[in-house]
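Per chain, numbering begins at 1; letters A, B, ... match sequence-line order.
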Amino acid sequence: MNSPFKLAHFTLVSALLLASWGTLATAAQPAKGKPATEAKTETAAAPAAQPQAAIAGSEANPFNRLMRVAPKRHLPPDKDGIHDPANDGTQMLQTPLESFGGLPKSQGDFGNGVDWVKALDGGKINPRWDRNDPKAKPVLMDLNIVREVKGSMPGVGFPHKQHTQWLDCSNCHPAIFLPQKGANQISMAAIMLGQKCGVCHGTVAFPVAECRRCHDKAKPVAAKTEAK
Amino acid sequence: MPSLIRRTLIGRMLFVGTLVLATAFVDTRPAMAEYGDVIMNNNSDAAGMRPAVFPHWFHRVRYSCKVCHADLGFKFKAGGNNIDMLKIMDGQYCGACHNGTIAWSVENCNLCHSGKPGTPTQVHESKSHELLNPAKPPVGKK
């Protein structure tokens, strides 16, 4: 086969790939690399079809069986799995992406995929502090609490400032955290079960998957070895 | 037909193209509600209403957490507030804003009561829910 035809072949496949880029699923990802090689070798097209079909059709042997498949994100209410599409009100609700379009993205696209603190600091959103008074301002408290943690994990720097932008003291103290140094036993297990920080983080505030947003205080020992 | 696909360039191009398109549209990921969406179904199913869905993301754009969780007394617990329509009409909980003055009023039943019937009370995509209910497949999984 002469090269202009090969080129045309390759271009078509690439165009198709690009066109379908937005809807590509994780399940389909292994297929991404294949068409490129198919375009190079003439006989590869038919054999490559076999494993693809097998993977797509297999329920028993999916790739990464024990890892949760990433869900489709930020779907409009009628497609999000919890709203009833048959309900007329569902169609009137705002869609998440409509709202998140202008907001800063969080690093890992966890949770809402929005960095809410940045959105607030950058003035992208202006949530009311009082439901009746649009001008009421929060009382900020700028006090960082550093918590040393076990093992090699960096310590946790807790900024009161970012929390008092959203919350009242009474939301956390004294029911969730005693306002006293050393009085609060916190563990990741408790957090993941919805206690302590986990009352909000992992439910509404950025999820625990974003480890380094809390564990951001590098340990002195770790810093030394890095320097060497 | 297979010989046509194999022999002609157009046939081969169409075959590969169809394959690529087919794999692109096979999407096995479960549909998930937005992070923090709360389903409230304490009384709805029994009353023949769809469960109420509370989108946290929509409200946090407009109000600080403090407004609801300190001023209005919402506990940090899905289904833990014993909200019913009487309290809402009385101006408590949702009714503090959903009164036709700050936000649309309670006549718009289907805007809140928009969940799939039978969905249990929970915070969607929450870590604790995922850990404490491992056997249940995500709602809306296809």
S.K.: In Å and rounded to the nearest 0.5 Å, what is the CZ to CG distance from Arg60(B) to Leu120(A)?
M.R.: 9.0 Å
S.K.: In Å and rounded to the nearest 0.5 Å, what is the NZ to SG distance from Lys66(B) to Cys169(A)?
M.R.: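 That separation rounds to 10.5 Å.
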S.K.: Kindly give the heavy-atom pair with the smallest separation between Trp116(A) and Trp57(B), and that separation in Å.
M.R.: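 Scanning both residues completely, I find the closest heavy atoms to be CH2-O, 4.0 Å.
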S.K.: Of the options Asp88(A), Asp84(A), Thr90(A), which is the one that meets Asn110(B) in a side chain to side chain donor-acceptor pair (under 3.5 Å)?
M.R.: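 That would be Asp88(A).
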S.K.: Between Ile125(A), Val114(A), Val208(A), who has the most heavy-atom pairs with chain B when the cutoff is under 4.5 Å?
M.R.: Ile125(A)
S.K.: Calculate, to the nearest 0.5 Å, the distance between atoms CD and OG belonging to Glu34(B) and Ser99(A) respectively.
M.R.: 9.0 Å
S.K.: Report the option among Ser126(B), Ser114(B), Gly36(B), Pro55(B) that has the most heavy-atom pairs separated by less than 4.5 Å from atoms of chain A.
M.R.: Ser114(B)
S.K.: If I take atom CD1 from residue Ile39(B) and atom NE2 from residue His83(A), how far apart are they, to the nearest 0.5 angstrom?
M.R.: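 If I round to the nearest 0.5 Å, the distance is 7.0 Å.
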S.K.: Does any heavy atom of chain B fall under 4.5 Å from the side chain of Ile176(A), the backbone, both, or neither of them?
M.R.: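 Side chain only.
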S.K.: In terms of heavy-atom proximity below 4.5 Å to chain A, should Ile102(B) be classed as side chain, backbone, both, or neither?
M.R.: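 Just the side chain, heavy atoms under 4.5 Å.
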S.K.: Can you see which heavy atom on Asn171(A) is nearest to which on Ala70(B), and at what distance?
M.R.: ND2-N, 3.7 Å
S.K.: Does any backbone or side-chain atom of Pro138(A) lie under 4.5 Å from a heavy atom of chain B? Answer side chain, backbone, both or neither.
M.R.: neither
S.K.: Tell me, for Asp37(B) versus chain A, whether the close heavy atoms (under 4.5 Å) come from the side chain, the backbone, both or neither.
M.R.: side chain
S.K.: Can you give me the closest heavy-atom contact between Pro127(A) and Ser64(B), atom names plus distance?
M.R.: CB-N, 3.6 Å
S.K.: Which side-chain N or O atoms in residues 84-96 of chain B pair as donor and acceptor under 3.5 Å with protein atoms at least two apart or in another chain?
M.R.:
unit_1   : atom_1 : unit_2   : atom_2 : d
Asp84(B) : OD1    : Leu86(B) : N      : 3.2
Asp84(B) : OD1    : Lys87(B) : N      : 3.0
Lys87(B) : NZ     : Asn82(B) : O      : 2.7
Asp90(B) : OD2    : Gln92(B) : NE2    : 3.3

S.K.: Just list the side-chain donor-acceptor pairs under 3.5 Å for residues 129-136 of chain A, sequence neighbours left out, or say none.
M.R.:
unit_1    : atom_1 : unit_2    : atom_2 : d
Asp130(A) : OD1    : Asn132(A) : N      : 2.8
Asp130(A) : OD1    : Asp133(A) : N      : 3.3
Asp133(A) : OD1    : Lys135(A) : N      : 3.0

